[in-house]
Undergrad: 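Before anything else, here's the structure in question.
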Amino acid sequence: MPAKITLIFICALLCISSRGQTFSPKLHQFLLEHPEASNSLSNAMAEALSGRTAQIYYFYTNDESVPNSHVNYIGEPSVVGIFVRENQQACDEYLCILFEALNSKGEKRFRELFAEAKFGALSKTNFVREMQRQEFQAVKETQKIVAKLKLKPKEIADSRDYKHFLETPSDLAQFLVYSKKVSQGQYQKEYETLYATIHKKPQQ
């Protein structure tokens, strides 16, 4: 485990220092080739991260059950850490960062849910549902941007997430069913694991 964590941070520092930007070389090239995607990402990050600092950290894995990205709120609320898998298609790397940036706008609500779960004010079932309800907002925002992207047929064919975002239902109940199907229940398991990690039983 320590070796894996070290690898993540080394990759992050290399990418941050490379050509003065925080993205991997292949994502940098993708954004150069797709100025509308670059503008959308810049605008989304500027809006979502207003008053906060975003730090991009890359990791590598061949385990497909591991989420391809996630957000950590590092220390003070002013720092948002976006962790993204580097060994994936550039389009998917782009979509991961875009989604996580937009999803970070729900930080206040996420922190409330964490606190409620920690002290037993929220059941595991309700915690999972409320986490997904909040993330659904970012999914819908990401979907609007995805629908306007001008990608090459091969990029669309090779992308894992493009189709998933584009076909996301607009109804929450349908989204929950769709999300479970697409992830084969993995997202729900992750939220359940998170609940078990932070939940603290009241003292007798």
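Residue indices begin at 1 and follow the sequence shown.
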Undergrad: Please identify each residue that fulfils salt bridge (Lys or Arg N to Asp or Glu O under 4.0 Å) with Lys181, with sequence neighbours left out.
TA: none

Undergrad: Tell me, please, which residues at least two apart from Phe127 pass ring-ring contact (aromatic ring centres under 6.0 Å, His included).
TA: Tyr195

Undergrad: Using the test side chain to side chain contact (heavy atoms under 4.5 Å, CB included), find all partners of Thr125 that sit at least two apart in sequence or belong to another chain.
TA: Ser123

Undergrad: I'd like to check the side chain to side chain contact (heavy atoms under 4.5 Å, CB included) partners of Ser65; sequence neighbours left out, ordered by chain and number.
TA: Asp63, Gln186

Undergrad: For a quick test of reading the model, state the closest non-hydrogen atom pair linking Gln132 to Ser179 and the distance between them.
TA: NE2-OG, 3.6 Å

Undergrad: Quick one: list whatever passes salt bridge (Lys or Arg N to Asp or Glu O under 4.0 Å) with Glu93, sequence neighbours left out.
TA: Lys26

Undergrad: Who pairs with Lys154 by salt bridge (Lys or Arg N to Asp or Glu O under 4.0 Å), at least two apart in sequence or on another chain?
TA: Asp158

Undergrad: Do Leu166 and Ile145 sit in the same hydrophobic cluster, where Ile, Leu, Val, Met, Phe, Trp and Tyr count as joined when their side-chain heavy atoms come under 4.5 Å apart?
TA: yes

Undergrad: List the residues meeting ring-ring contact (aromatic ring centres under 6.0 Å, His included) with Phe136, not counting sequence neighbours, and say none if there are none.
TA: Phe175

Undergrad: Which pairs, with at least one residue in residues 184-198 and sequence neighbours excluded, count as a salt bridge (charged side-chain N to carboxylate O under 4.0 Å, His left out)?
TA: none

Undergrad: Which residues satisfy the ring-ring contact (aromatic ring centres under 6.0 Å, His included) test with His164, sequence neighbours excluded?
TA: none

Undergrad: Name all residues meeting the side chain to side chain contact (heavy atoms under 4.5 Å, CB included) criterion together with Glu130; count only those two or more places apart in sequence or in a different chain, and write none if there are none.
TA: Arg109, Leu113, Arg133

Undergrad: Is it the case that the side chain of Asp92 and the backbone of Ser159 share a donor-acceptor pair, with hydrogens and angles ignored and the cut-off at 3.5 Å?
TA: no

Undergrad: Tell me if a side-chain donor or acceptor on Asn126 pairs with a main-chain N or O of Leu122 at a distance below 3.5 Å.
TA: no

Undergrad: Please enumerate all residues that pass side chain to side chain contact (heavy atoms under 4.5 Å, CB included) together with Arg52, with sequence neighbours excluded.
TA: Leu49, Tyr73, Val80, Ser104, Glu107

Undergrad: Apply the side chain to side chain contact (heavy atoms under 4.5 Å, CB included) test between Tyr94 and each candidate in Phe23, Phe30, Tyr162; give the one that qualifies.
TA: Phe30

Undergrad: Does Glu47 have any salt bridge (Lys or Arg N to Asp or Glu O under 4.0 Å) partners at least two apart in sequence or in another chain, and if so, which?
TA: Lys105

Undergrad: Under 3.5 Å, is there a donor on one side chain and an acceptor on the other for Glu100 and Ser69?
TA: yes

